[in-house]
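Below is one structure, written out as structure tokens, with a few remarks after it.
Residue numbers begin at 1 in each chain, while the letters A, B, ... track the order of the sequences. Keep in mind that the numbers below use all heavy atoms, side chains included, and drop hydrogens, waters and symmetry copies.
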There are 2 protein chains.
Amino acid sequence: MAPGANGEPSVSPPKKRRLGSRYAVLGMLSMGLKTGYAMKKHVEGNLGHYWSESYGQIYPTLRQLVDEGLATCTEERRKGKPMRNLYAITSSGRKELREWLVVPPEPQPQRSELLLKLSFGDRVDSEACQKLIRDHSQQCERDLSYLSEIESALLEPPRKHRDQPYWLMTLRHGRAIREAELAWCNETLEHLRQLETERKR
Amino acid sequence: MAPGANGEPSVSPPKKRRLGSRYAVLGMLSMGLKTGYAMKKHVEGNLGHYWSESYGQIYPTLRQLVDEGLATCTEERRKGKPMRNLYAITSSGRKELREWLVVPPEPQPQRSELLLKLSFGDRVDSEACQKLIRDHSQQCERDLSYLSEIESALLEPPRKHRDQPYWLMTLRHGRAIREAELAWCNETLEHLRQLETERKR
DNA sequence: CTAGCCATGTAATCCGTTACATGATTGG
DNA sequence: CCAATCATGTAACGGATTACATGGCTAG
């Protein structure tokens, strides 16, 4: 008998695929961004604190979306300016985006090089561990001022983008996490110093 | 003239490589874990909240470490038990591990599917956004109780592992972050409800 | 003239997971 | 006998970055 007949539940396991880039691009299309170049800039400038995307992902993805009918592409050649491909989302593109949006993201396996190093802290001296933490603390501080910059740029002109309230939520997330990191850094530095004096005794 | 002569600064740009798995494995060797299998178990059970590793990484890495003289391998065949390869770190392995430990990790590009979805929240109704946040909130809660489990297992028997104090630091990190996430979730739910009533007006 | 920005795209490569293949032992 | 656990490993695949290749326009 052919496999998979008879209503067996073994219709082939649903396979996990990531597809993050696909929907990031589709979402940016839905914001009205028209070129791959503009999307890269937008990722760097606005989404940098929680998303990244490279040309190597963006351009092939755009092509694929067009192939699947989720976007359209029109060439624009202007005299005196380089050629551009102008993309736009279609209604089936909007539909697929909405469907993706309501699916709760499954927890993605986190890898923190900092915590990995810290967990082996016993192999080096306390000073090295403390430096690790202080560097991280400084990075968080830099991140915080970067986030503030984006936030003021977002609030300054009173003309509100439709997505502005949601962008503010992501910014608050970045701030909340960085502040928690800072608190943990201070706490951890204290623990490291305690460990150090215990060791010396 | 041969390229690279004359002290040119173009000695080939130093190329970024990730190498996380390599040092995770080396570190676990330094803790005394002897088999690939044991390392996988340890990652799942103890490092799960900040690191992950698959067999597809572990076994080839172990072989590579032996090739480079950072570890040794001895076959152990016991009657009535399956064969094992027992690995041990060498002194050059310890040296390389220590060198890696003191290099501050460069910030790794974060990707949060949750924040990406939230940033496009305008495309779906407020209820869908709130569900996204509530699900995340629950996940954080589950993570917190999982962290507590590990912590009590770590504290229970008074026989302290040399790495115990450092593991506690990583656990506190997990807790700090999850608690900050929870606070942000509540704050954000409030904002979403406000947005909703504004829209309705 | 040249540096920098606009703009597109591809190929190589790396990193990592999943799925598969194998097989012995132990406990219920 | 069967499921779980111990134990090793590889092949295929997928996702993402990096580096390269190209080229015209603009401002200094």
Side-chain angles (χ1 to χ4, degrees), chain A residues 10 12-25 33-45 47-48 51-66 73-87 106-113 116, chain B residues 10 12-25 33-45 47-48 51-66 73-87 106-113 116:
Chain A
S10 59
S12 97
K15 271 187 188 181
K16 299 174 192 179
R17 297 174 64 190
R18 281 270 148 245
L19 300 176
S21 298
R22 178 189 173 86
Y23 292 102
V25 168
L33 296 183
K34 293 186 199 345
T35 69
Y37 186 82
M39 290 180 193
K40 184 78 206 300
K41 291 291 119 168
H42 184 251
V43 169
E44 281 166 8
L47 314 186
W51 201 257
S52 67
E53 218 50 82
S54 60
Y55 286 130
Q57 293 282 101
I58 292 173
Y59 286 116
T61 299
L62 282 169
R63 174 157 305 183
Q64 204 197 325
L65 291 175
V66 172
C73 173
T74 61
E75 263 184 39
E76 185 205 40
R77 31 188 83 257
R78 304 155 296 174
K79 51 188 176 223
K81 296 220 168 174
M83 182 268 280
R84 310 194 286 178
N85 293 330
L86 298 180
Y87 294 89
E106 50 193 288
Q108 29 206 342
Q110 304 240 13
R111 289 183 112 182
S112 163
E113 211 175 298
L116 185 64
Chain B
S10 60
S12 94
K15 274 186 186 182
K16 298 175 192 178
R17 297 175 63 191
R18 283 267 148 247
L19 300 176
S21 298
R22 178 189 174 87
Y23 291 103
V25 169
L33 296 183
K34 292 186 199 346
T35 69
Y37 185 83
M39 290 180 193
K40 184 78 205 305
K41 292 290 120 170
H42 183 252
V43 169
E44 281 165 10
L47 315 185
W51 201 257
S52 68
E53 217 53 81
S54 60
Y55 286 130
Q57 293 282 104
I58 292 172
Y59 285 116
T61 300
L62 281 169
R63 174 158 306 183
Q64 203 196 326
L65 291 174
V66 172
C73 174
T74 60
E75 264 184 40
E76 184 204 41
R77 32 189 83 256
R78 305 157 294 173
K79 53 191 174 218
K81 296 221 171 176
M83 181 267 281
R84 310 195 286 179
N85 292 331
L86 298 180
Y87 293 88
E106 50 194 287
Q108 31 207 339
Q110 304 239 14
R111 288 184 114 181
S112 162
E113 211 175 296
L116 184 64

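Proximity of B:Gln57 to B:Lys40: side-chain heavy atoms (C-beta onward) are nowhere separated by under 4.5 Å.
The CG-P distance, from B:Leu62 to D:dT10, rounds to 11 Å in whole Å. The CD atom of A:Glu106 sits 14 Å away from the P atom of C:dT17 (whole-angstrom rounding). Taking atom CD1 of B:Ile58 as the reference point, atom C1' of D:dT10 lies 15 Å away to the nearest angstrom. Across the protein-nucleic acid pair, B:Glu44 atom CD and D:dA7 atom P stand 14 Å apart, rounded to whole Å. If you take NZ of B:Lys41 and P of D:dT8, they are 12 Å apart, rounded to a whole angstrom. Nucleotide C:dC6 holds its P atom 14 Å from the CG atom of A:Leu33, rounded to whole Å.
The side chain of A:Arg63 lies closest to C:dG9 when the candidates are C:dG9, D:dG15, C:dC15. Comparing atom distances between the B:Arg111 side chain and each of C:dT8, C:dC15, D:dA16 picks out D:dA16 as nearest. In this structure, the nucleotide among D:dG9, C:dC15, C:dT8 sitting nearest to the side chain of B:Tyr59 is D:dG9.
Between A:Ser52 and D:dT17 there is a side-chain polar atom (N or O) within less than 4.0 angstrom of OP1 or OP2. Contact check, B:Ser21 against C:dC15: no side-chain N or O comes under 4.0 Å of OP1 or OP2. Considering only side-chain N and O atoms, B:Arg84 lies under 4.0 angstrom from the phosphate OP1 or OP2 of D:dA7.
When each of A:Glu53 and B:Tyr37 is assigned the nucleotide of DNA chain D bearing its nearest heavy atom, the one mapping closer to the 5' terminus is B:Tyr37. Toward the 5′ end of DNA chain D lies the nearest nucleotide of B:Gln57, the other residue of the pair A:Tyr55 and B:Gln57 mapping further downstream.
Counting any heavy atom pair closer than 4.0 Å across all strands shown, B:Gly56 reaches a base atom. Counting any heavy atom pair closer than 4.0 Å across all strands shown, A:Ser54 reaches a base atom.
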